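The residues of the chain are indexed from 1 along the displayed sequence. Order of appearance sets the numbers: ligands from 1, and atoms from 1 within every ligand. What you are looking at is a predicted structure, and each value in this text was computed from that prediction instead of being measured.
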Amino acid sequence: MRTLNDFNFKNKKALIRVDFNVPLDADFNVTDTTRIQAAKPTIIKILEDGGSCILMSHLGRPKGVQDQFSLKHIVSKVEDIIGVETQFVADCIGEDSVTAAANLEPGKILILENLRFHEEETNGDHAFAEKLAKLGDIYVNDAFGTAHRAHASTTIIAQFFPEKKCFGYLLEQEIKSIDKVMKTGEKPVLAVLGGAKVSSKITIIENILDKVDHLIIGGGMTFTFIKAQGGNVGDSICEDDKMDLALEILKQAKAKNVQVHLPVDVIAANAFSNDADTQVVDVTNIPDGWQGLDAGPKSIALNHDVVMQSKTILWNGPLGVFEMENFAKGTIELGNSIVEATKNGAFSLVGGGDSVAAVKQFGFEDKVSYVSTGGGAMLESLEGKTLPGIAAILE
Ligand code: AMP
C-alpha cells in the first residue's frame, strides 16, 4: 500500500483530492471544520517536506456553476486551520488553473474551484481527469467520503500517475481501521448493527457473518427478526417481506458459529413521539397499539456483557430512536459500554451514517478508537466491496 511516507515532496506539487464538502451557514461561514481538520496531517507533511499542495474537492451538489457552492467561501478557514498562505483559482481546469499551479511556490496551498461545476467530474470523464492531472507531480487521495465513487478526481485521475500516487494519512487510517475489523481484528470480534431497516443492512450482515464471533442486532431491524420467529411486535417498524431473509440470516449465523444477540426487552411507546406514554415490555410480546422504540434495561445489560467480552468492536446504526431524548438510552449505554471496552484495550470502530451522528452528539467521539469520516464509503466497505478510489491507488 503506497502511502505519503513513501514519497519526499521537496519541490513537488502534490495534487490532493480532499473532502472539503463542509456545511456552510447562510453567510457562507463554515459551521463544521471536521473535514478540514482531518486533511491537515497530510497537508502539513507535504509542506514540511518542502512541497506545495493543490487541493481539489467538491462542495454540495451544484447544477453547473453556482456561487453558493463555490469553494472560495472556505479559503480563509483553510488558511486559519493550516496556518499557511492559501490561494484560490476560480476554475479547476483551464488556463488560470494551469498558471496558478505552475506559479505555486513550495510551502503554499492552492485550492481549485469546485470540481462539480463541471459535469465531467461525476461522469468520470477521462479528458477532464487528464487536465486535472497535468496540474501536479504526485497524486494523493485523502478523501474517504468519495472513495466509493468512480469520479474523475477520485479514481480516473490515478491512471495518469502510474508510479506517483498514494493514499493520504486520513484515507490510510480509514483503510487500516476497516482492515482491523474485517481482516486482522483480535478475537472475539463483535459487530453491533442497529438502524431502521433490515433491507438497508442486509449485504453488510451477510458479509460480516464470516468475520465476527458476536452480532448484536438492535434498533428498528429487531422487529423483523422477532416477528419472523413468531413474536408479537405490535405496531413496531417491521418489514414483513424480509422475514424469510431474517430467518435465513439466523440460520447462516448458526452454521458459521456466530452468536446473534437480539434484544429481550424494549421501551414501547403508544405513539412515535417523545411525549408518548411508555412501558418496558418483553420484545416478543409488544401489545397492539405500541411500538418498540428503544432497548430495554435487560437488553442494555446483555449488550454490556457482550461488548466487555470483545476485543474488536464495529458499531453501525443506533439501537433506538436516539433523536428523541426518551428513546436514546439504549444507544447512549451502548456507547458507554464501548468506551469502557476501549479503555480496557479493545479496538472500536464506529462508522456509517447515524451511529456517527449519535457518537458525536453524545460525546463519545474521542473515546472510541476510530470514527469513520465516510458514510456511504464506510457502508460499502462493510459490504465487502472494493472501493474504486482505493483500487485506483492500489493498481
Ligand atoms: P439507519 O440509517 O438505517 O442506520 O437508521 C437510523 C435510524 O433508525 C435513526 O433515525 C433511528 O431513529 C431509527 N431507529 C432506530 N431504532 C428504531 C426503532 N426501534 N423504530 C424506528 N426507528 C428506529
Side-chain angles (χ1 to χ4, degrees), residues 145 148 191-208 215-228 231-240 242-243 245-246 249 261-300 303 314-335 338 349-362 364 371-372 374-383:
H148 59 316
V192 184
L193 293 183
K197 291 181 168 176
V198 180
S199 49
S200 64
K201 301 282 161 88
I202 182 65
T203 326
I204 296 181
I205 300 178
E206 286 176 340
N207 184 45
I208 61 172
L215 175 61
I216 292 178
I217 293 177
M221 269 203 293
T222 302
F223 305 105
T224 305
F225 286 88
I226 298 296
K227 189 170 175 186
N232 202 342
V233 299
D235 289 1
S236 305
I237 185 174
C238 184
E239 292 169 281
D240 287 351
K242 294 289 175 298
M243 289 199 297
L245 197 61
I249 288 169
H261 309 271
L262 282 156
V264 290
D265 59 353
V266 289
I267 309 292
N270 62 355
F272 189 81
S273 157
N274 196 44
D275 303 323
D277 294 334
T278 61
Q279 57 174 325
V280 177
V281 294
D282 191 300
V283 72
T284 58
N285 200 10
I286 303 173
D288 289 345
W290 293 75
Q291 51 189 304
L293 294 185
D294 197 9
K298 285 187 203 149
S299 308
I300 289 173
N303 289 344
L314 164 73
W315 180 17
N316 171 272
L319 295 194
V321 185
F322 74 100
E323 299 93 334
M324 299 183 201
E325 200 184 338
N326 290 336
F327 308 108
K329 192 158 190 243
T331 302
I332 293 174
E333 290 302 334
L334 175 74
I338 293 178
L349 166 64
V350 182
D354 274 338
S355 36
V356 173
V359 158
K360 287 186 177 174
Q361 183 179 329
F362 302 127
F364 298 128
V371 180
S372 175
M378 181 67 189
L379 295 177
E380 290 197 18
S381 301
L382 298 178
E383 287 173 354

If you count the atoms of ligand 1 from 1 in the order shown, which ones are under 4.0 Å from a heavy atom of [X]?
X      : value
Lys201 : 1 (P), 3 (O), 4 (O)
Gly220 : 15 (C), 16 (N), 17 (C), 18 (C), 19 (N)
Val321 : 12 (O), 15 (C), 16 (N), 17 (C), 18 (C), 20 (N), 21 (C), 22 (N), 23 (C)
Phe223 : 19 (N)
Gly292 : 18 (C), 19 (N), 20 (N)

For residues [X] and [Y], report the shortest heavy-atom separation together with the two atoms involved.
X      : Y      : value
Leu382 : Ile208 : O-CG2, 4.1 Å
Ala228 : Ala246 : CB-CB, 4.4 Å
Leu293 : Ala269 : CD1-CB, 3.8 Å

Expected output: side-chain [X] to main-chain [Y] donor-acceptor under 3.5 Å:
X      : Y      : answer
Thr331 : Pro318 : no
Asp277 : Asn270 : no
Asn316 : Gly351 : yes
Asn303 : Ile216 : no

Out of Gly330, Gly352, Gly320, Ala357, who gets a non-hydrogen atom closest to atom 14 (N) of ligand 1?
->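 Answer by nearest heavy atom: Gly320.
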Residue, atom name and distance, where the atom is the protein heavy atom closest to atom 7 (C) of ligand 1 = Asp354 OD2, 3.5 Å
Nearest protein heavy atom to atom 5 (O) of ligand 1, by residue and atom, and its distance?
-> Ala196 N, 3.0 Å
Are any of the N or O atoms of Gly194 closer than 3.5 Å to those of ligand 1?
-> no
Nitrogen or oxygen of Glu323 less than 3.5 angstrom from that of ligand 1 | yes
Tell me, with the steps shown, if Ile217 and Phe225 meet side chain to side chain contact (heavy atoms under 4.5 Å, CB included).
-> CA-CA 9 Å; Ile217 293 177; Phe225 286 88; 3.7 Å; yes
Part of Ile237 within contact of ligand 1 (heavy atoms, under 4.0 Å) =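 Side chain only; the backbone of Ile237 stays clear of ligand 1.
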May I ask you to identify, for Phe327, whether its side chain, its backbone, both or neither come under 4.0 Å of ligand 1 on a heavy-atom basis?
->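 Near ligand 1, Phe327 shows nothing, with every heavy atom at 4.0 Å or more.
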